[in-house]
2 protein chains.
Amino acid sequence: MATRKRRAERREEPLSRERIVEAAIELLDAAGEGGLTFRALAERLSTGPGAIYWHVSGKEELLTAAADAVVAAAVGADRVSAPDAGDGAAATPQEAIRALALGVFDAIDAHPWIGDDLARAPARSPMLRVFERLGRQVQALGVPHAAQFTAVSALHNYILGTGGQNAANARAHKAIEPYEDRTAFLGAAADAWADLDPDEYPFTRGIADQMRGHDDRAEFLAGIDIIVAGITADWTRTAPASS
Amino acid sequence: MATRKRRAERREEPLSRERIVEAAIELLDAAGEGGLTFRALAERLSTGPGAIYWHVSGKEELLTAAADAVVAAAVGADRVSAPDAGDGAAATPQEAIRALALGVFDAIDAHPWIGDDLARAPARSPMLRVFERLGRQVQALGVPHAAQFTAVSALHNYILGTGGQNAANARAHKAIEPYEDRTAFLGAAADAWADLDPDEYPFTRGIADQMRGHDDRAEFLAGIDIIVAGITADWTRTAPASS
DNA sequence: ACCTGAACACCGTTCAAGT
DNA sequence: ACCTGAACACCGTTCAAGT
C-alpha cells in the first residue's frame with residue numbers, strides 16, 4: 001500500500017513506449033534536438049534513465065519513433081481505403097501531391113527537429129508512408145511502371161531536401177534572434193547574399209533581392225509543380241538510361 | 001634547443017587551421033561522423049584538445065570547414081573566368097547541370113559524412129558555391145529572372161535531399177555488412193520492401209523489384225533531367241503564385 | 001516483468017599555466 | 001602569440017539490485 005501510494009503520487013500511468021515517445025516529442029518541441037536527453041526524459045517521466053531502455057533500444061530508435069509519430073499525424077492514415085488525406089478529397093493527382101507535400105512541409109515547420117531526422121535509411125524511414133502515398137498519385141497520373149520509381153524518388157528527395165533546409169533555417173533563426181519573424185530572417189539572409197563577392201557569386205548576389213520578399217511555402221509548392229511538370233512532360237525520357 | 005628538438009620530433013609543421021581541417025577530413029573518412037573527436041584530433045596532431053580551439057571556434061565550424069573543403073575540391077573553383085568545371089567544356093547548360101550535380105553526388109559517395117552536414121543554413125553553407133553554379137546554368141538556359149530563384153532552389157534541394165539519403169544509405173550499408181557491395185545492399189532494401197504489408201504499402205511493394213537492379217547514379221541523373229524538363233517546360237508557371 | 005539509480009566510458013569546451 | 005592538459009559539466013548506456 002505504501003509503495004502503491006508513493007508510485008501514484010509520482011506518476012499516474014505505468015511507463016510505456018507510447019508515453020515515452022510522447023514525452024520525447026514534447027522535449028524536442030520545447031528545446032530542440034539538444035533537448036532530448038535520457039536524463040531529462042527520465043525526470044519528466046518520474047523515473048530513472050535506465051527504465052527507458054526497457055521499452056526502447058536507444059536514442060536512435062526513440063528519435064525515429066518520434067519523427068514517425070509526427071509524420072504519421074501530419075500525413076494521415078496509410079490505409080488504401082482512404083485514398084486521399086482527410087482534408088477534403090483532392091480532385092486531381094497534382095493537387096493530391098501538393099497537399100501531401102504541404103503536409104510534410106508544415107509538419108517540419110511545426111517540429112523543425114524532424115527535418116534532420118528524416119534523412120535516414122529509406123527502407124524503414126518515417127518517410128516511407130510519404131513515399132507510398134506519392135507513389136499512388138504518380139500512378140494516378142498515368143506514369144508508366146518503368147518510370148514510376150524515378151518520378152517518385154525525384155519528388156521524395158526534393159521534399160526531403162527542402163525539409164532539411166527549412167530545419168536548418170529554423171535552427172539558425174532561433175539561434176540568432178528568437179522573436180524575429182520569418183520574413184525578417186529571409187531579409188537578413190538576402191542581405192548576406194547581397195554582400196557576397198561579385199567575382200565569385202554574381203548570380204547569387206543578383207537574385208538576393210528576389211529572395212527577400214518570397215513566401216517559402218509558395219516557393220516550395222512551385223518546386224513541386226516544376227517536378228510534376230517534368231514528370232508529365234515526357235514519359236520516355238524519365239526512365240534512366242540503363243533500362 | 002631542447003624544446004625545439006622535442007617539438008620537431010612530435011610534429012613537423014606548426015598547427016594551422018588548414019592542417020586541422022585536413023586531419024579532421026581524414027578522421028571523418030576513416031571512422032565516419034562519430035570518428036571526429038577533439039581528443040582523437042589532438043592525438044593525431046600531437047597536441048592537446050585545447051590547442052585546436054585557438055584556430056577553430058568549435059566542432060560545428062570544423063565540420064562546416066571540412067565539408068566546404070571537400071565540396072570545393074569536387075566542384076572546382078568558383079571564378080567566373082572558368083565558367084565550366086575543369087573536366088571538358090560542357091556543350092549545353094543541361095550537360096553542365098548534370099556534371100555539377102554528379103560532382104556533388106560523387107563527393108558524397110566518397111565522403112558520406114558530408115551528406116548530413118550539407119543540410120545547413122544556406123546563407124553560409126558549403127553548398128552556396130553549388131547554388132551559384134547552378135544559377136549560372138539556369139540563366140544560360142534562358143529562364144526569366146523572376147523564375148530563376150525557384151528553378152535553382154528546386155535543383156538545389158533535390159541534390160541536397162538525394163545526398164542526405166545516400167549518406168544514410170552508406171551509413172546503414174556499413175553498419176550492416178561492410179564488405180557487401182552497393183547492388184547487394186539495394187537488393188536487401190528491395191527485399192524489405194517486398195515484405196511490406198500489402199494493405200498499407202501496395203505501391204512500394206509493387207516497385208520493389210524495380211529498385212533492385214537500378215543504378216542509383218543513373219537514377220539521380222534521371223531526376224535532374226525531370227527537373228530541368230519541368231523548368232524548361234513553361235517559364236510562366238514556374239514563378240510562385242505570390243508574384 | 002518491470003523499475004531504480006549509481007557507475008562507466010566517454011563527450012565538447014574552458015582555462016590557468018606555461019613557452 | 002600560441003600551446004598544454006587537467007578539469008568541468010555534461011552525455012548515452014549498462015547493470016546489479018530491488019519490487
Side-chain angles (χ1 to χ4, degrees), chain A residues 1-24 27-28 30-67 113 116-117 120 171 175, chain B residues 1-24 27-28 30-67 113 116-117 120 171 175:
Chain A
M1 176 66 175
T3 59
R4 265 183 137 254
K5 187 168 181 206
R6 212 182 62 219
R7 176 188 271 215
E9 282 169 1
R10 298 174 63 192
R11 143 171 37 96
E12 306 83 25
E13 301 170 66
L15 224 47
S16 69
R17 206 188 129 92
E18 223 173 62
R19 264 174 53 76
I20 290 170
V21 171
E22 188 188 334
L27 239 29
L28 253 3
E33 317 194 52
L36 180 58
T37 285
F38 275 83
R39 272 164 252 260
L41 198 53
E43 197 190 13
R44 195 180 194 92
L45 294 166
S46 308
T47 182
I52 296 162
Y53 284 86
W54 186 263
H55 299 93
V56 149
S57 75
K59 192 169 188 179
E60 201 179 300
E61 191 196 316
L62 189 53
L63 253 112
T64 307
W113 50 272
D116 313 277
D117 216 58
R120 294 287 166 198
R171 216 179 2 239
Chain B
M1 176 66 178
T3 59
R4 266 184 136 252
K5 184 164 182 210
R6 214 181 61 220
R7 176 188 270 216
E9 282 171 0
R10 298 174 64 191
R11 141 169 39 95
E12 305 84 24
E13 302 170 66
L15 225 46
S16 69
R17 206 187 128 95
E18 225 173 59
R19 264 174 54 75
I20 291 170
V21 170
E22 188 188 332
L27 239 30
L28 253 2
E33 317 195 53
L36 180 59
T37 285
F38 276 83
R39 271 165 252 259
L41 197 54
E43 196 191 12
R44 195 180 196 92
L45 294 167
S46 309
T47 183
I52 297 163
Y53 284 86
W54 185 264
H55 299 93
V56 149
S57 75
K59 192 167 190 180
E60 202 178 300
E61 191 196 315
L62 189 52
L63 253 112
T64 306
W113 50 272
D116 313 277
D117 216 59
R120 295 286 167 197
R171 216 177 5 239

Heavy atoms only, 4.0 Å cut-off, all strands: where does B/Leu41 land among base, sugar-phosphate and nothing?
nothing
Interatomic distance, CD1@A/Ile20 vs OH@A/Tyr53, rounded to 0.5 Å, equals 11.0 Å
Report which part of the nucleic acid B/Leu62 touches: base, sugar-phosphate, or nothing (heavy-atom distance under 4.0 Å, all strands).
nothing
Close residues, residues 49-57 of chain B, relative to DNA chain D [heavy-atom separation under 4.0 Å]:
B/Pro49, B/Gly50, B/Ala51, B/Trp54, B/His55
Residues that B/Arg44 engages under side-chain hydrogen bond (donor to acceptor under 3.5 Å, both in side chains), provided they are two or more places apart:
B/Glu26
So what stems show up for DNA chain D if we need 3 or more Watson-Crick or G-U pairs in a row, all under 3.5 Å?
C:4-8 with D:12-16, C:12-16 with D:4-8
Nearest-Å distance, NZ (B/Lys59) to C1' (D/dC11)?
12 Å
CZ of A/Arg39 versus C1' of D/dG12: gap in Å, rounded?
7 Å
Sub-4.5 Å side-chain heavy-atom contact between A/Asp116 and B/Asp116
no
Roughly how far apart are A/Arg39 CZ and A/Ile52 CD1, rounded to 0.5 Å?
10.5 Å
Starting at atom CG of B/Leu36, determine the distance to atom P of C/dC11, rounded to an integer number of angstrom.
11 Å
With a sphere of 6.0 Å drawn around CD of B/Glu18, does it hold more than 12 non-hydrogen atoms of other residues, nucleotides or ligands?
no
For the CG atom of A/Leu41 and the CZ atom of A/Arg19, what is their distance to the nearest 0.5 Å?
10.0 Å
Whole-Å distance between D/dC11 P and A/Phe38 CZ?
12 Å
Atom CD of B/Glu61 with >12 non-hydrogen neighbours under 6.0 angstrom:
yes
Return the CG to CD distance between B/Asp117 and B/Glu60, rounded to the nearest 0.5 Å.
8.5 Å
Quickly work out the A/Glu43 CD to D/dC10 P distance and round it to whole Å.
13 Å
